[in-house]
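Any value given below was found using the heavy atoms of this structure, including those in side chains, with hydrogens, waters and symmetry copies removed.
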Amino acid sequence: MEQYLLGIDIGTSACKIAVFNREGKVIAAANGDYPVYYPHPGWAEQNPEEWWSAVCGAIKEIFDKGKVLPEQIKGVGIDGQSWSAIPVDREGNVLTNTPIWMDTRAADICEEMNEKIGADEIFQLSGNSLQPSYSTAKVIWYQRNLPRVYERIYKILQSNSYIALKLTGEFTQELSQGYGLHCFDMHTGTWDKEMCRRLGIPPEFLPDIHPCHEVIGTVTAKASGESGLAEGTPVVAGGLDAACGTLGAGVLHPGETQEQGGQAGGMSICTDTYKADPRLILSYHVIPGHWLLQGGTVGGGGVMRWLEKQFGDYEREEGKRQGKNSLTLFNEMAEKIAPGSDGVVFLPYMSGERSPIWDPNAKGVFYGLDFSKTKAHFIRSAMEGVAYSLKHNLDVAQEAGAKVSVLRSMGGSANSLLWTQIKADITGKPIIVPSSDTATTLGAVILAGVGVEMYKDFDEAVALTVENKRSHEPNLQNAEVYKANYQVYLEIYCNLKETMKRTGGR
């Protein structure tokens, strides 16, 4: 009986479950949706219990199809979105919704801690500036605003470690998600108890840290009954979604770079030396002994989904008649607009912005509109704006000493030949698109495969599973047009920054 690996991806809008064979071919897959809640300006939260329900439903759907039997799953890998702060009690019950990576409610706490402890001192230990999107200030926010919840906290978990808890009953923390907490020593990969004390985060809230590919437990009888997985199936600690996606895109050696085209945007540069910049994000890679210098932006594929939801009624109906996806029709419309969108420039700051500007007050902006502009201009300029944010992060990474020659693209946006070419033209970097549309989940199962010794090491796993589907070379003529618009992009934010700060959440 052939053996398989199962990957669980806890994304922002849905979980993705996929079963792979040893060669990286998807044998079966299913998704499960769940909402994001926006109860107040600057808030964005989710209910982790809804993640688990969606995961169980999707896994059962896979087994119900009959292509895969539970006993064929040799190992389970889990990846998840960054910067959760899931408070659970001793029984593993979730005590309140978790603020997610888009949440900026704790901006004032960050300002206070940066002043009290020193922004430079926090950065020197953790390799990351203290910003409201991270997990750190969210824990302090619980203490000040939800005292009854706070007094019942046993552990604070990340998205993938919560699913690992539901599967195995074990409270864990893996290495790649440690960067969400600024009491994590990025030099040594350990908790710093003195910084815990200074931040006011009890060290006992923090689970023991495990390598991402380590088997941390097996599926319990209870989890088996809820999910359909066989009792006793090994589960590895898993990792950050961006890091797993980086691995699944074939990035495991220094200098190799992943370009993220999921709900969020950004990039991850693999390095074997500590290299931090306060404008960027530094985490451990899921590969032992390596770090990822990252740029993480709010505006990625989610920008196009927002546009389609708000302005795509006609395309949804027309798509049904033509047998096409509405986003495919959006893409076709954008192709008819010249590079540079006839002067329309978009700032993709749809929920504040993360790196490199770290501004929770930043707002999305369309600039350059007049009566000659059409919906197609909005669509193409949105694609270009996301690419400008990518270039912004790459430019800062270069200033920090990182060298990038080729981008390896992943996420739903990579399916758009137009959008991928726009990114190549704007960044001036060749882009390779691996064949798998499930790079993040593939990265999670590679961790499981190494953990259960289906692969001897990461190099063998990547060589067996990752193939290149196509490549894009920068168009130098288009690059000249984009160069001018990129300067406008930077100037718009600089000129509106104070206005955005003054108007805040309005």
Side-chain angles (χ1 to χ4, degrees), residues 3-9 18-26 73-80 160 164 172-179 186 189 209-216 234-260 267-275 282-294 402 404-411 432-469:
Q3 293 184 314
Y4 302 124
L5 299 165
L6 184 142
I8 300 171
D9 170 26
V19 175
F20 295 79
N21 66 11
R22 187 171 183 270
E23 289 69 43
K25 178 184 177 182
V26 177
I73 304 300
K74 187 174 182 180
V76 177
I78 312 161
D79 74 80
N160 51 306
T172 60
Q173 166 78 48
E174 46 73 28
L175 193 63
S176 69
Q177 288 269 29
Y179 78 126
M186 188 61 68
I209 298 172
H210 298 262
C212 299
H213 65 286
E214 181 180 296
V215 175
I216 50 92
V235 179
V236 299
L240 171 68
D241 55 1
C244 284
T246 300
L247 173 59
V251 173
L252 69 164
H253 299 122
E256 296 174 343
T257 303
Q258 173 257 102
E259 184 270 316
Q260 169 68 34
M267 53 79 186
S268 298
I269 305 169
C270 182
T271 174
D272 59 358
T273 57
Y274 178 91
K275 193 180 297 292
L282 185 65
S283 77
Y284 275 90
H285 199 350
V286 290
I287 305 296
H290 291 71
W291 290 263
L292 292 177
L293 184 61
Q294 302 177 54
V404 178
S405 56
V406 179
L407 305 178
R408 298 183 65 86
S409 187
M410 54 157 284
I432 295 173
V433 181
S435 59
S436 175
D437 287 333
T438 53
T440 303
T441 324
L442 175 60
V445 302
I446 289 175
L447 293 177
V450 174
V452 301
E453 299 183 348
M454 184 178 282
Y455 307 114
K456 68 177 182 180
D457 56 29
F458 289 101
D459 283 286
E460 180 187 59
V462 168
L464 281 170
T465 62
V466 180
E467 297 180 29
N468 296 335
K469 181 166 60 176

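- Partners of E467 according to the side chain to side chain contact (heavy atoms under 4.5 Å, CB included) rule, which considers only residues two or more places apart in sequence or in another chain, are S435.
- Residues T465 and V445 fail the side-chain proximity criterion, which asks for heavy atoms closer than 4.5 Å.
- Partners of E460 under the salt bridge (Lys or Arg N to Asp or Glu O under 4.0 Å) rule, at least two apart in sequence or in another chain, are R22.
- Checked against side chain to side chain contact (heavy atoms under 4.5 Å, CB included), T172 has the following partners two or more places apart in sequence or in another chain: S161, A164, E170, H210, I216.
- Here D457 pairs with nothing under the side-chain hydrogen bond (donor to acceptor under 3.5 Å, both in side chains) rule; sequence neighbours left out.
- Applying the salt bridge (Lys or Arg N to Asp or Glu O under 4.0 Å) criterion to K469, with sequence neighbours excluded, gives D437.
- Partners of F458 according to the ring-ring contact (aromatic ring centres under 6.0 Å, His included) rule, which considers only residues two or more places apart in sequence or in another chain, are H213.
- Screening D272, V462, D459 for a side-chain contact (heavy atoms from CB on, under 4.5 Å) with H253, the sole residue that qualifies is D459.
- Annotation: side-chain hydrogen bond (donor to acceptor under 3.5 Å, both in side chains) contacts of N160 (sequence neighbours excluded): E174, Q177.
- Considering CH2 of W291 and OG1 of T273, their distance stands at 7.0 Å, rounded to 0.5 Å.
- Here the CG atom belonging to L247 is positioned 11.5 Å from the NE2 atom belonging to H290, to the nearest 0.5 angstrom.
- For Y179, the ring-ring contact (aromatic ring centres under 6.0 Å, His included) criterion is met by W83, not counting sequence neighbours.
- Between N468 and R408, the closest side-chain pair of non-hydrogen atoms falls below 4.5 Å.
- For residues 447-456, there are no salt bridge (Lys or Arg N to Asp or Glu O under 4.0 Å) pairs, not counting sequence neighbours.
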### Message
Show, in sequence, the C-alpha distance, side-chain angles and deciding distance for L442 and V466, and conclude whether the side-chain contact (heavy atoms from CB on, under 4.5 Å) test is met.
### Response
CA-CA 9 Å; L442 175 60; V466 180; 4.1 Å; yes

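- Formation of a donor-acceptor pair under 3.5 Å by the E256 side chain with backbone atoms of Q258 is not found in this model.
- The side-chain heavy atoms of M410 and P434, taken from C-beta on, include no pair separated by under 4.5 Å.
- A 4.5 Å side-chain heavy-atom check between V286 and D79 finds every atom pair outside the cut-off.
- Between atom CG of residue N21 and atom OH of residue Y4 there is a gap of 7.0 Å, rounded to the nearest 0.5 Å.
- Considering only heavy atoms from C-beta on, Y455 comes within 4.5 Å of L5 through its side chain.
- Residues Y274 and M186 have side chains in contact (heavy-atom distance under 4.5 Å, counting atoms from C-beta outward).
- Once rounded to the nearest 0.5 Å, the distance linking NE2 of H285 with CG of L240 reads 10.0 Å.
- Contact detail for V236 and G77: the closest heavy-atom pair is CG2-CA, 3.8 Å.
- Residues that satisfy the side chain to side chain contact (heavy atoms under 4.5 Å, CB included) test with S405, not counting sequence neighbours, are absent from this structure.
- Rounded to the nearest 0.5 Å, atoms CG (L293) and OG1 (T271) are 7.5 Å apart.
- Take S268 and apply the side-chain hydrogen bond (donor to acceptor under 3.5 Å, both in side chains) test, not counting sequence neighbours, and it matches no residue.
- Of all non-hydrogen atoms in V452 and G75, the two that sit nearest each other are CG1-CA, 4.2 Å.
- A distance of 5.5 Å separates CD of Q3 from CE of M454, quoted to the nearest 0.5 Å.
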### Query
Would C270 and L292 satisfy side-chain contact (heavy atoms from CB on, under 4.5 Å), going step by step from the backbone distance to the final call?
CA-CA 5 Å; C270 182; L292 292 177; 4.2 Å; yes

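- Among residues two or more places apart in sequence or in another chain, the side-chain hydrogen bond (donor to acceptor under 3.5 Å, both in side chains) test is passed with S283 by Q294.
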